[in-house]
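Notes to accompany the following structure.
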Amino acid sequence: MGAPEIPLIDTCFHGRHISPQILAGLTPDGWSLKDYVARGGYEALKKVVRTMKPEEVIAEIKASGLRGRGGAGFPTGLKWSFMPAKLPIQKYLVCNSDEGEPGTFKDRDILRYNPHIVIEGMAIAAYAMGVTRGYNYIHGEIWEVYERFEQALDEARAAGLIGENILSSGFSFELQAHHGYGAYICGEETALLESLEGKKGQPRFKPPFPASFGLYGKPTTINNTETFAAVPWIIRHGGQAYLEVGKPNNGGTKVFSISGDVERPGNYEIPLGTPFAKLLELAGGMRDGKRLKAVIPGGSSMPVLPAEIMMATDMDYDAIAKAGSMLGSGAVIVMDETRCMVRCLLRLSYFYYEESCGQCTPCREGTGWLWRMVNRIEKGQGSPEDLAKLDEVAGNIMGRTICALGDAAAMPVRAFLKHFRAEFEHHIVHKRCLVGDAV
């Protein structure tokens with residue numbers, strides 16, 4: 001039998017529109033172990049520990065084309081293969097649930113409404129890589145989600161699905177949750193590891209990479225919440241079936257968090273490769289009948305794209321990259337014709353200025369420069385030289401920092417100037433907003 005058809009939308013509650021593989025058939029109260037098992041939960045884990053060798057699990061994940069759902073899009077199976085599985089030392093598995101990217105709210109819904117799918121996915125990954133201990137690092141501003149995950153862990157542990165000798169297979173894996181404190185920088189995997197170790201959350205120099213020197217100096221694999229949540233479906237239905245849901249090099253579904261000027265903001269799980277126009281339709285279209293002006297397709301750190309480009313673009317890693325941006329975390333920020341692009345960039349620039357950890361001089365100083373210059377322009381105090389200086393400062397930040405936060409601050413600046421330069425020039429020349437003058 002073939003894999004079941006995956007509809008675009010299955011259920012909706014609390015403004016979140018949710019559909020199959022990861023958030024399938026849920027109700028607000030249907031998060032418990034009993035509910036999850038009724039939907040076929042933990043069958044993949046049983047299959048793995050009873051009938052599959054670790055290398056077969058990794059091969060299946062490679063065949064699926066699953067790519068990291070946290071932003072980088074690195075092939076998951078390849079990442080798992082980096083772990084020295086047979087090395088007889090302590091190894092660690094870490095779930096990155098430190099969801100702090102503005103516009104992104106998918107991981108907290110996965111943990112809130114379907115926490116056991118993450119637990120099962122992590123247990124399968126641990127089996128594949130010979131890991132006996134794991135952690136889920138949960139963002140500090142979603143305490144109720146942390147509590148929900150702890151409840152799910154208690155259920156799984158009591159049922160023998162986590163802990164010693166899982167399902168009488170001889171495989172043991174202990175999993176614990178860790179509550180962060182809301183620092184955006186801890187979404188960077190090595191800063192997350194530093195925080196887990198009780199240190200200040202600042203990125204590490206790489207190399208060495210976590211696969212060889214990670215948590216407590218031991219081999220460590222880190223994946224995003226949504227990435228682990230995709231694993232049980234792949235094991236149950238096969239890597240090829242998952243790949244065929246999406247498109248070549250972009251297998252499976254992706255949960256997109258849509259916010260901004262749409263009728264129905266929320267989480268939408270769709271096959272990768274779905275046209276943006278279809279995704280916008282699923283979200284109810286533009287709010288109040290306004291025209292689409294711009295879209296940030298992958299979270300606030302990704303380059304903005306104008307409406308004409310987005311409406312001709314598919315929602316997958318390669319198509320978005322070809323259009324001039326990145327899929328990132330899948331946070332789709334929609335802006336209509338009433339939005340001032342200078343003001344939008346001002347808000348983004350202030351966020352990265354505030355969230356810079358201060359470790360790298362280009363980021364620590366440069367993000368402040370960017371915010372102050374955009375702030376001058378927004379207030380009607382800018383000069384023509386500011387636009388060239390903005391581009392220069394952004395260029396001096398990109399590629400010159402330990403982690404990608406510097407790039408995250410610089411890329412929006414360059415993209416807004418590239419696609420909406422006329423609005424910045426109008427602010428400078430006329431000391432007021434082009435959007436207001438056009439109304």
- [ ] Verify the distance criterion only: is there a donor paired with an acceptor across the side chains of E141 and Y181 at less than 3.5 Å?
- [x] no
Open item on the list: I want to check something: taking the side chain as every heavy atom from C-beta on, are L327 and M302 in contact at a cut-off of under 4.5 Å?
Closed with: no
- [ ] With sequence neighbours excluded, tell me which residues meet ring pair (Phe, Tyr, Trp, His ring centres under 6.0 Å) with F276.
- [x] none
Task: Cation-aromatic face contact K418/F420, 6.0 Å, 45 degrees - done: no
Without placing hydrogens or testing angles, list every side-chain donor-acceptor pair under 3.5 Å for residues 341-349, not counting sequence neighbours.
| residue | atom | partner | partner atom | Å |
| --- | --- | --- | --- | --- |
| R343 | NE | E378 | OE2 | 3.3 |
| R343 | NH2 | E378 | OE2 | 3.2 |
| S349 | OG | L345 | O | 2.9 |

- [ ] Flag the pair K293 / D336 as yes when at least one side-chain heavy-atom distance between them is below 4.5 Å, and no otherwise.
- [x] no
Task: Given L175, T227, L111, V231, the one that forms side-chain contact (heavy atoms from CB on, under 4.5 Å) with V118 - done: L111
Open item on the list: Can you list everything that forms a side-chain hydrogen bond (donor to acceptor under 3.5 Å, both in side chains) with H427? Sequence neighbours excluded, please.
Closed with: none
Open item on the list: Just to verify, what does Y216 make a ring pair (Phe, Tyr, Trp, His ring centres under 6.0 Å) with, not counting sequence neighbours?
Closed with: Y92
- [ ] Only counting residues at least two apart or in another chain, list the ones meeting ring pair (Phe, Tyr, Trp, His ring centres under 6.0 Å) with Y353.
- [x] W371
Open item on the list: So, using side-chain hydrogen bond (donor to acceptor under 3.5 Å, both in side chains) as the criterion, who are the partners of E188 when residues are at least two apart?
Closed with: T190, K206
Task: E194 with R204: basic N within carboxylate O range, under 4.0 Å - done: yes
May I have the list of side-chain donor-acceptor pairs in residues 97-104 shorter than 3.5 Å, sequence neighbours left out?
| residue | atom | partner | partner atom | Å |
| --- | --- | --- | --- | --- |
| S97 | OG | N136 | OD1 | 2.7 |
| S97 | OG | T225 | OG1 | 2.6 |
| D98 | OD1 | H139 | ND1 | 3.0 |
| D98 | OD2 | G187 | N | 2.9 |
| E99 | OE1 | D107 | N | 3.4 |
| E99 | OE1 | R108 | N | 3.2 |
| E99 | OE1 | R108 | NE | 3.0 |
| E99 | OE2 | K106 | N | 2.9 |
| E99 | OE2 | D107 | N | 2.8 |
| E101 | OE1 | Y184 | OH | 2.5 |
| E101 | OE2 | S300 | N | 3.1 |
| E101 | OE2 | S301 | N | 2.9 |
| E101 | OE2 | S301 | OG | 2.6 |
| T104 | OG1 | E101 | O | 3.3 |
| T104 | OG1 | S329 | OG | 2.8 |

Task: Electrostatic pair E425:R421 at N-O distance under 4.0 angstrom - done: yes
- [ ] Sort and list the pairs that fulfil salt bridge (Lys or Arg N to Asp or Glu O under 4.0 Å) and have at least one residue in residues 60-77, not counting sequence neighbours.
- [x] R67-D318
Listed pairs under 3.5 Å, donor-acceptor, residues 121-135 side chains, sequence neighbours left out:
| residue | atom | partner | partner atom | Å |
| --- | --- | --- | --- | --- |
| Y127 | OH | M52 | O | 2.5 |
| T132 | OG1 | Q90 | NE2 | 3.3 |
| R133 | NH1 | Q176 | OE1 | 3.4 |

Open item on the list: Applying side-chain contact (heavy atoms from CB on, under 4.5 Å), can you list everything that pairs with I309, at least two apart in sequence or on another chain?
Closed with: L305, P306, T313, A323, H419
Task: Between Q240 and E244: side-chain donor-acceptor atoms closer than 3.5 Å - done: yes
- [ ] Please list, chain by chain and in numerical order, all residues satisfying ring pair (Phe, Tyr, Trp, His ring centres under 6.0 Å) with W369, sequence neighbours excluded.
- [x] none
- [ ] Can you run down the salt bridge (Lys or Arg N to Asp or Glu O under 4.0 Å) pairs that involve residues 348-371, sequence neighbours left out, and say none if there aren't any?
- [x] none
